[in-house]
Amino acid sequence: MSEKLEPLPGTADIWEPETSQWIFLEQTARGLFPRYGYSELRTPIFERTDVFVRGIGTETDVVQKEMYTFEDRGGRSLTLRPEGTAGVMRAIANQGVAEGDEKRVFYMGPMFRGERPAAGRRRQFHQIGAEAVGRAAPAMDAECIAMLVHFLEELGIRDSRLLLNSRGTAADRPAVAEALKAYFAPHKEALCPDCQRRLDANVWRLLDCKVEGCQPLINGAPKITELLGDESKTFFAEVCRNLDAMGVAYQVEPRLVRGLDYYVHTVFEIQHSGLGAQNALAGGGRYAIALASGDRTVEGVGFALGMERLLMARQSLNLAAAEAPGCQAYVVALGPQALALALPLAQELRRCGVRTLCETAGRSMKAQLRTANKVHAKFALIRGDSELEKGTIVCKNLDTSVQEEWPVAETAARLRAALAG
RNA sequence: GUGGGUGUAGCUCAGUUGGUUAGAGCGGAAGAUUGUGGAUCUUCAGGCCGCGGGUUCGAGCCCCGUCACUCACCCCA
C-alpha cells in the first residue's frame with residue numbers, strides 16, 4: 001500500500017471507459033480535418049530548447065517557468081514540448097514551403113508544462129491542434145475558426161462561447177502597449193499587485209486580470225481594436241465578415257490577449273463553463289514565429305484544443321460514453337481434452353472476426369459461465385467429453401438461455417450467422 | 001512557488017465524548033447433490049487505519065511534523 005507507485009503528479013493512467021472517449025475524439029478529428037484540406041503531422045515530443053524559446057517567446061510564463069528542460073548526454077539543452085505550434089513550425093520550415101504556397105496540418109498528442117495540477121490542468125496534457133501556414137489572408141483565419149467550431153459541433157459540445165479579438169500587426173503593438181500604459185499608469189495604486197507588475201512587464205496581460213478591484217479600470221481601458229492601424233482594422237473586419245457569412249457566432253472581446261507572444265492579428269478562444277476553475281476549451285490565432293535558425297519567421301493561423309477539457313465538457317453535458325466493443329463468444333471447455341482444443345477454436349473464431357475469450361485454466365462449468373457472463377459474452381460455446389464423442393459443440397445464447405448443438409466444423413459459420421441475426 | 005480540503009479493504013465510504021480481536025456496500029473466490037451464467041442464500045480471502053514522532057493506562061480518533069492526493073491562486077489547453 002505504502003509501496004504503491006502512483007503516476008507522477010499531474011500525470012495519469014487512462015483506462016477504459018475513458019480510453020474509448022479519447023479514441024472517439026481522435027477519430028472525429030481525423031474524420032473532420034481532412035475535409036478542410038488538413039493532413040496529420042507527427043512531430044517529436046522533445047526538441048532543442050531553442051525551438052520553443054524562440055518560437056513561443058522569452059517573456060512568456062510557459063518559457064520562463066513551465067518547461068521541462070533537461071540536458072542530453074551531449075550536453076544539448078532539450079525540452080519536452082509545452083505546446084504544439086513551435087514544433088510544427090520547425091517541421092514545416094525544415095521541409096520548406098514555396099512562396100505563396102500553403103500547408104495545412106493537424107496534430108494530436110501529449111504536451112508538458114510544469115504547473116501545479118488542478119481540475120482541467122495537468123502536467124502532461126493532450127492537445128489536438130491545427131495549423132494553416134504560409135499565407136496571410138483573413139479568410140484563412142475565418143476558415144480555421146469555422147473548422148474548430150464545426151469540430152465542437154461534431155463532438156456535441158453545446159453552450160460554448162467563441163471570443164474574438166485582434167492584436168494587430170507587429171508594427172502596431174508598441175503603439176498599443178504605449179496607449180495602454182498611458183491609460184493605466186496614473187491609476188497604478190488602484191491595481192492589484194500582479195497588475196502593477198504587469199504594467200511594466202506586459203501590459204497586454206493586465207487586461208486578462210480577474211481580480212475584482214481591477215475590473216472597473218480594465219472595463220474603461222481603450223479597446224485594442226480601436227488602437228490598431230488601418231491595415232490591422234481592415235484585416236480584422238474581413239475575418240469578422242467571413243465568419244458572419246458562414247454563420248459562425250462569435251463575440252468580440254477587446255480584453256482577450258492570450259498568453260503567448262507569437263500572436264498577431266486574430267486571436268480567439270473557446271470558453272466553456274464545465275471545466276472546473278478553467279474556462280478555456282481551445283485557443284488560437286494568427287502568429288508569426290521566429291525560427292530557431294534566427295533569420296526567418298513563419299506565418300500561419302491555428303488553434304489548440306485541450307483534450308482533457310473536451311472530455312470534461314462532454315461529461316458536464318452528460319454525453320454518453322461510447323462503449324468499448326464487448327466480448328461476443330466465450331469458449332467453455334470441460335476436461336483436459338476439450339481444454340486442449342479450446343484455444344485453437346478461439347483462434348479460428350478470431351480469424352473470422354469474432355471477439356472471443358477462451359477458458360485457459362480448466363475450471364468448473366459454473367466458474368466458466370460466470371466469467372462468460374461477467375465479460376458480457378453473447379454466446380458461450382461449450383464442449384466436454386460427450387460433445388467430443390459426437391463431434392459437436394453446444395452454443396448457448398446468454399441473453400435468452402436458449403442453446404443448440406452444432407457440428408464443430410460449422411461453429412464459425414453458424415456463430416457468425418447467429419451474431420448477425 | 002502560496003493557500004484550503006482529504007488520506008481506513010481492490011473500489012466507494014462508515015467508524016460515537018479516545019476504550020478490547022477494525023466495519024458496511026460493491027467487487028473477487030468457493031459452495032447451495034450429476035455438465036449450465038445472471039437472482040437469492042452461505043462461507044471465505046483481503047487492512048503497518050499514508051508515514052514518523054508526541055500526549056495518554058490506552059490513539060483510526062487528539063497534537064506536531066512529513067509525504068501523497070485533490071481543489072484553488074498565478075497562468076493556460
Side-chain angles (χ1 to χ4, degrees), chain A residues 1-12 15 25 56 59-67 81-85 108-129 148 192-195 197-198 202 205 208-211 256-260 268-272 275-284 302-313 330 332-335 338 359 361 363-388 394-403:
Chain A
M1 183 65 180
S2 56
E3 293 296 312
K4 186 156 65 175
L5 287 179
E6 309 215 21
L8 257 12
T11 68
W15 292 78
L25 293 187
I56 301 168
E59 296 312 308
T60 56
D61 280 12
V62 171
V63 168
Q64 284 193 343
K65 51 181 198 186
E66 292 172 3
M67 294 205 304
R81 62 183 188 194
E83 54 95 64
T85 307
M108 55 187 76
M111 307 293 166
F112 305 85
R113 291 183 197 171
E115 297 177 284
R116 193 67 162 245
R121 200 177 60 225
R122 322 239 96 210
R123 288 183 175 171
Q124 174 175 338
F125 60 105
H126 299 77
Q127 291 186 330
I128 297 179
L148 170 58
C192 72
D194 277 333
C195 283
R197 190 174 43 77
R198 290 183 183 118
N202 194 338
R205 212 94 54 82
D208 250 350
C209 182
K210 280 140 202 150
V211 175
L256 181 70
V257 295
R258 304 196 44 76
L260 306 177
F268 54 90
E269 189 166 302
I270 302 274
Q271 298 194 340
H272 192 91
L275 306 176
Q278 323 317 318
N279 53 22
L281 190 56
F303 61 79
L305 292 120
M307 294 178 73
E308 283 85 356
R309 292 186 184 180
L310 283 175
L311 295 178
M312 286 174 83
Y330 190 94
V332 173
L334 303 167
E359 173 69 6
R363 299 129 80 211
S364 70
M365 162 99 84
K366 182 191 291 264
Q368 294 188 44
L369 282 173
R370 201 153 22 205
T371 301
N373 193 60
K374 196 175 69 187
V375 300
H376 302 113
K378 296 277 175 291
F379 294 94
L381 296 168
I382 305 166
R383 188 158 50 162
D385 291 340
S386 67
E387 286 78 16
L388 283 173
V394 169
C395 175
K396 176 166 186 169
N397 182 321
L398 292 175
D399 294 329
T400 62
S401 294
V402 175
Q403 59 184 52

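Hydrogens, waters and symmetry mates play no part in the numbers below; they use all other heavy atoms, side chains included. Lettering of chains follows the sequences in order, A, B, ..., and the numbering in each one begins at 1.
Rounded to a whole Å, the CG atom of A:L334 is 9 Å from the P atom of B:U36. Rounded to an integer number of Å, the gap from A:E115 CD to B:U70 C1' is 16 Å. Whole-Å rounding puts the A:N373 CG to B:G38 P distance at 7 Å. Between A:R363 atom CZ and B:G35 atom C1' there is a gap of 15 Å when expressed in whole angstrom units.
Each of A:D385 and A:F125 was matched to the nucleotide of RNA chain B holding its nearest heavy atom; the match closer to the 5' end belongs to A:D385. In terms of position along RNA chain B, the nucleotide closest to A:V402 lies nearer the 5' end than the nucleotide closest to the other residue of the pair A:H126 and A:V402.
Across all strands shown, B:C74 has no partner, as no Watson-Crick or G-U wobble contact with both distances under 3.5 Å is found. Pairing partner, B:U36: none, since no Watson-Crick or wobble contact has both distances short of 3.5 Å. Base-pair partner of B:U17: not found among the strands shown (Watson-Crick or G-U wobble, both distances under 3.5 Å). If you check B:A22 for Watson-Crick or wobble pairing at under 3.5 angstrom, you find it has no partner at all. Base pairing analysis places B:U6 opposite B:A68; the two distances defining the Watson-Crick or G-U wobble pair are each below 3.5 Å. In this structure, B:G58 makes no Watson-Crick or G-U wobble pair, since no nucleotide meets both defining distances under 3.5 angstrom. Within the shown strands, B:U43 is the pairing partner of B:A29 under the Watson-Crick or G-U definition, both distances less than 3.5 Å.
Within the 4.0 angstrom heavy-atom criterion, only backbone atoms of the sugar-phosphate kind lie near A:K374; the bases stay farther away.
You'll find that the side chain of A:S401 is closest to B:G37, out of B:A77, B:G37, B:C73. Listed nucleotides B:A30, B:A77, B:C69 differ in distance to A:P9; the shortest reach to its side chain belongs to B:C69. Here the side chain of A:S386 is nearest to one of B:U36, B:G35, B:C76, namely B:G35. Nearest to the side-chain atoms of A:E387 among the listed nucleotides B:A30, B:G35, B:A72 stands B:G35. Ranking B:C71, B:U36, B:A77 by closeness to the A:A119 side chain, first place goes to B:C71. Closest approach to the A:R116 side chain among B:G1, B:G37, B:A77 is made by B:G1 (side chain taken as heavy atoms from C-beta onward). When each of B:U2, B:A77, B:G35 is scored by its nearest atom to the side-chain atoms of A:R309, the top-ranked nucleotide is B:A77.
Within the 3.5 Å criterion, the main-chain N or O of A:H126 finds a donor-acceptor partner in the side chain of A:E308. Panel note: side chain A:R113, backbone A:K65; no donor-acceptor pair is recorded below 3.5 Å.
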Applying side-chain contact (heavy atoms from CB on, under 4.5 Å), run through A:N279 and A:E269 and close with a yes or a no.
-> CA-CA 10 Å; A:N279 53 22; A:E269 189 166 302; 4.2 Å; yes
Should A:I382 and A:Q368 be marked as a side-chain contact (heavy atoms from CB on, under 4.5 Å) after you check the CA-CA gap, both sets of side-chain angles, and the distance that decides it?
-> CA-CA 10 Å; A:I382 305 166; A:Q368 294 188 44; over 6 Å; no
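Screening A:R363, A:E359, A:K366 for a side-chain hydrogen bond (donor to acceptor under 3.5 Å, both in side chains) involving A:T371 leaves a single residue, A:R363.
Residue A:R122 has a polar side-chain atom (N or O) positioned under 4.0 Å from OP1 or OP2 of B:U70.
When the C1' atom is compared between B:U36 and B:C69, the two are found 45 Å apart, to the nearest whole Å.
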